[in-house]
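A quick write-up on the structure given underneath.
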Number of protein chains: 2
Amino acid sequence: MSTPKHVTIKEIARRAGVSHSTVSRALNNLPVVAPETAARIRALAHELGYMPSATARTLKTNRSRVLGVIYNRIADPFYSEVLAGIQSVVHRYGYSVFVSAFEYDPRREEGLIRTMAARQVDALLLCSTTFTAQRLQEMGGLPIPAVFVHNRATDVLPHSIYHDDRSGTRALTQHLLELGHRRIAFGGNARGGLLHEQRRQGVVDALAEAGLRLDPAYDLMAPDGQMRSGAILAEQVLACSPRPTAILCFNDMQALGLMQVLQTAGLRIPDDISVAGFDDIPLAAFLYPALTTYHQPQWELGELAAQAALHMLGEPVTDPRATFDVITLQGRLMVRRSTAPPPVP
Amino acid sequence: MSTPKHVTIKEIARRAGVSHSTVSRALNNLPVVAPETAARIRALAHELGYMPSATARTLKTNRSRVLGVIYNRIADPFYSEVLAGIQSVVHRYGYSVFVSAFEYDPRREEGLIRTMAARQVDALLLCSTTFTAQRLQEMGGLPIPAVFVHNRATDVLPHSIYHDDRSGTRALTQHLLELGHRRIAFGGNARGGLLHEQRRQGVVDALAEAGLRLDPAYDLMAPDGQMRSGAILAEQVLACSPRPTAILCFNDMQALGLMQVLQTAGLRIPDDISVAGFDDIPLAAFLYPALTTYHQPQWELGELAAQAALHMLGEPVTDPRATFDVITLQGRLMVRRSTAPPPVP
DNA sequence: TTGAAAGCGCTAACAG
DNA sequence: CTGTTAGCGCTTTCAA
């Protein structure tokens with residue numbers, strides 16, 4: 001049950017009657033060592049349950065084969081999927097990941113970056129929508145290679161990967177327009193930073209193309225992108241007069257919370273009011289009604305981010321896009337059951 | 001932009017005109033060193049942007065201040081919350097966490113345990129519902145201290161923390177019984193292992209107390225605890241004749257998927273059929289109708305698991321329960337809007 | 001093909 | 001109060 005006495009290469013060397021460097025070579029499959037010797041050493045290592053010390057190796061080689069992932073909220077369905085994507089590739093390369101979240105606290109974010117650096121991660125995956133050039137300046141640059149995920153930080157760092165949100169909400173708005181909606185509301189995210197601006201802009205774009213503008217009364221704002229914000233938004237929608245016939249939420253989480261309140265108030269979706277989300281988190285397809293939204297490839301975002309980092313570290317990658325400095329992903333419109341033509345008055 | 005030349009204590013020592021051990025002492029706040037010297041050293045360290053190498057420290061002290069968290073699916077709302085709880089305490093202690101998931105592959109699970117050990121984590125948090133005594137035997141024991149989370153593995157390891165699921169489904173079933181339901185179905189999870197058994201048993205218990213039994217026609221089984229399984233379950237429910245008036249799902253995710261299909265089929269919840277979940281993931285309260293479920297304290301589960309691990313490592317913990325070998329958490333019934341008396345025939 | 005030796009950055013006796 | 005020394009487990013010259 002207790003620690004089974006740590007076996008080192010020295011111990012193996014002693015038992016095999018060779019030097020520890022030979023053991024090191026054998027275990028690392030360096031071709032120089034004599035086949036029989038190598039076989040004997042490997043057998044012994046296996047028998048003794050030898051485990052190489054990643055710590056020692058890291059100290060010596062200056063490479064840890066560890067990636068650091070930093071993001072905002074640990075329990076976010078969107079980033080959970082991104083993380084799953086990251087893990088799937090990282091695992092194939094024999095890397096491990098440190099994961100931590102800064103819970104919207106920039107000071108903590110900086111602390112995490114330093115901790116990760118002290119722990120000698122090879123690269124950082126920064127899933128922060130709020131990191132800015134200014135912040136980077138204050139920190140005096142990043143101590144390790146990093147790729148920005150989900151943040152168009154090209155002005156700050158060469159490596160970033162993000163989704164074209166603006167086209168997304170534009171497509172979504174066009175869809176609503178085509179259905180005949182004119183009174184379209186947008187639910188913002190006060191914490192959304194660049195994401196908020198991009199998504200809102202997409203709505204404005206589409207509206208402008210149709211010769212319309214985003215009515216200030218329908219230009220709503222919620223504190224964040226969580227479910228509760230959706231509920232808050234719903235109250236605002238209910239208070240509007242005339243009521244919008246469609247509302248496009250910052251993301252699916254908001255849409256979810258919004259739908260509940262609207263439905264509880266007796267409104268039928270989509271008959272009385274159409275609702276659209278953004279992101280297409282796995283949940284979206286399972287809501288009632290199934291949510292119309294814009295699909296962002298979350299898993300792929302994670303996979304590519306990880307590959308981009310690995311590429312920077314000199315690992316061979318399969319996806320050619322991972323070799324680009326800036327990667328823009330395109331999503332696609334997912335029309336489901338929560339949107340329909342506006343009710344006839 | 002690039003690596004700003006790593007500063008070590010030797011470098012600081014050179015510049016301060018002292019030995020590197022003095023630097024080490026000063027930086028670790030050992031009281032022996034002269035105040036002025038210490039101040040000078042610390043100033044210098046700050047100025048040079050010194051970062052201690054956690055790797056070197058780990059190698060020397062045999063303590064990494066890293067915990068390994070292993071679980072099944074990376075993108076699971078339940079475990080996301082648990083992980084958030086873990087992180088919240090771990091962060092306070094200056095620990096970091098490796099996170100990885102084995103995606104229902106036992107071989108991979110074992111591999112992860114070995115990797116974590118090689119990376120010298122101080123303790124393991126095993127959120128595996130499928131790990132068994134036999135598996136442990138085959139592995140020849142765990143190489144590092146571990147606490148089992150969400151698995152009553154007392155026969156295997158001294159340290160485990162879990163929730164009393166059986167009482168949970170029992171309370172849920174009693175609630176349904178009190179509402180007047182008699183045709184109560186249970187949605188199982190073929191992958192659920194012990195959890196499945198416990199939850200199903202709670203239903204059987206409550207039914208037996210009421211002089212009833214779980215009708216085999218209502219003793220349903222879905223492949224897993226995901227949303228899609230809920231949809232599968234819904235088809236089974238719809239095919240039942242007579243139809244159950246209430247269904248208790250393995251967890252909230254199932255309930256979610258089930259509700260959508262039922263609602264799409266034109267059934268009103270709870271008017272036509274009552275639905276209950278299990279876990280009370282944050283989402284549950286925001287569904288329409290808000291889901292009746294049994295609250296498992298997910299965050300607390302994570303917090304306590306982390307504290308239990310930290311306690312094993314000799315760290316002072318605040319929650320006295322964390323010093324127990326086996327911790328059982330109690331949840332509570334959350335009656336919301338998805339359950340009501342059965343329809344009058 | 002193998003061994004001896006150095007050293008990664010740090011902590012911790014032990015001496016002074 | 002401070003310096004010297006050794007060594008954590010490994011990789012990697014350099015010689016043999």
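Please read these numbers as outputs of a predicted model, since none were measured by experiment.
- When the side-chain contact (heavy atoms from CB on, under 4.5 Å) test is applied to B:R92, the partners found at least two apart in sequence or on another chain are B:V89, B:Q307.
- Applying the side-chain hydrogen bond (donor to acceptor under 3.5 Å, both in side chains) rule to pairs touching residues 75-87 of chain A yields A:Y79-A:H150, A:S80-B:S80, sequence neighbours excluded.
- Under the ring pair (Phe, Tyr, Trp, His ring centres under 6.0 Å) criterion, B:F98 pairs with A:F98, sequence neighbours left out.
- Not counting sequence neighbours, the partners of B:A123 by the side-chain contact (heavy atoms from CB on, under 4.5 Å) test are B:L67, B:P145, B:A309, B:L313.
- No donor-acceptor pair under 3.5 Å is formed between the side chain of B:Y104 and the backbone N or O of B:R73.
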Assess the residue pair A:E11 and A:R14 against the criterion (salt bridge (Lys or Arg N to Asp or Glu O under 4.0 Å)); give the C-alpha distance rounded to whole Å, side-chain angles, the decisive distance to 0.1 Å, and a yes or no. CA-CA 5 Å; A:E11 171 69 7; A:R14 200 180 55 73; 3.2 Å; yes
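- At least one side-chain heavy atom of A:V66 sits under 4.5 Å from a side-chain heavy atom of B:R119.
- Taking every heavy atom of residues 31-38 of chain A and every atom of DNA chain D, no pair lies under 4.0 Å.
- Qualifying ring pair (Phe, Tyr, Trp, His ring centres under 6.0 Å) partners for A:Y95, counting only residues two or more places apart in sequence or in other chains: none.
- Shown here are the side-chain contact (heavy atoms from CB on, under 4.5 Å) partners of B:R108, two or more places apart in sequence or in another chain: A:H91, B:F102, B:E103, B:D105, B:L112.
- Overall bending of the helix from C:dT1-D:dA16 to C:dG16-D:dC1, expressed as the angle between end axes built from five pairs apiece, is 40° (10° steps).
- Sequence neighbours left out, the pairs with a member in residues 49-66 of chain A that pass salt bridge (Lys or Arg N to Asp or Glu O under 4.0 Å) are A:R63-A:D122, A:R65-A:E315.
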Could you list the protein-to-nucleotides 9-13 of chain C atom pairs, N/O on both sides, closer than 3.5 Å?
from	atom 1	to	atom 2	distance (Å)
C:dG9	N2	B:A56	O	3.3
C:dC10	OP1	B:Y50	OH	2.4
C:dC10	OP1	B:S53	N	3.2
C:dC10	OP2	B:I9	N	2.7
C:dT11	OP1	B:N28	ND2	3.2
C:dT11	OP1	B:R57	NE	2.8
C:dT11	OP1	B:R57	NH2	3.1
C:dT11	OP2	B:S24	OG	2.7
C:dT11	O2	B:K60	NZ	3.3
C:dT11	O4	B:H20	NE2	2.9
C:dA13	N6	B:R25	NH1	3.4

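- Identified under the side-chain hydrogen bond (donor to acceptor under 3.5 Å, both in side chains) test for residues 21-33 of chain B, with sequence neighbours left out: B:S19-B:S21, B:S19-B:T22, B:N29-B:R42.
- On the nucleic acid side, DNA chain D contacts chain A at distances under 4.0 Å to non-hydrogen atoms, with the end points of that region at D:dC8 to D:dT13.
- The closest side-chain heavy-atom distance from B:R40 to B:V18 is below 4.5 Å.
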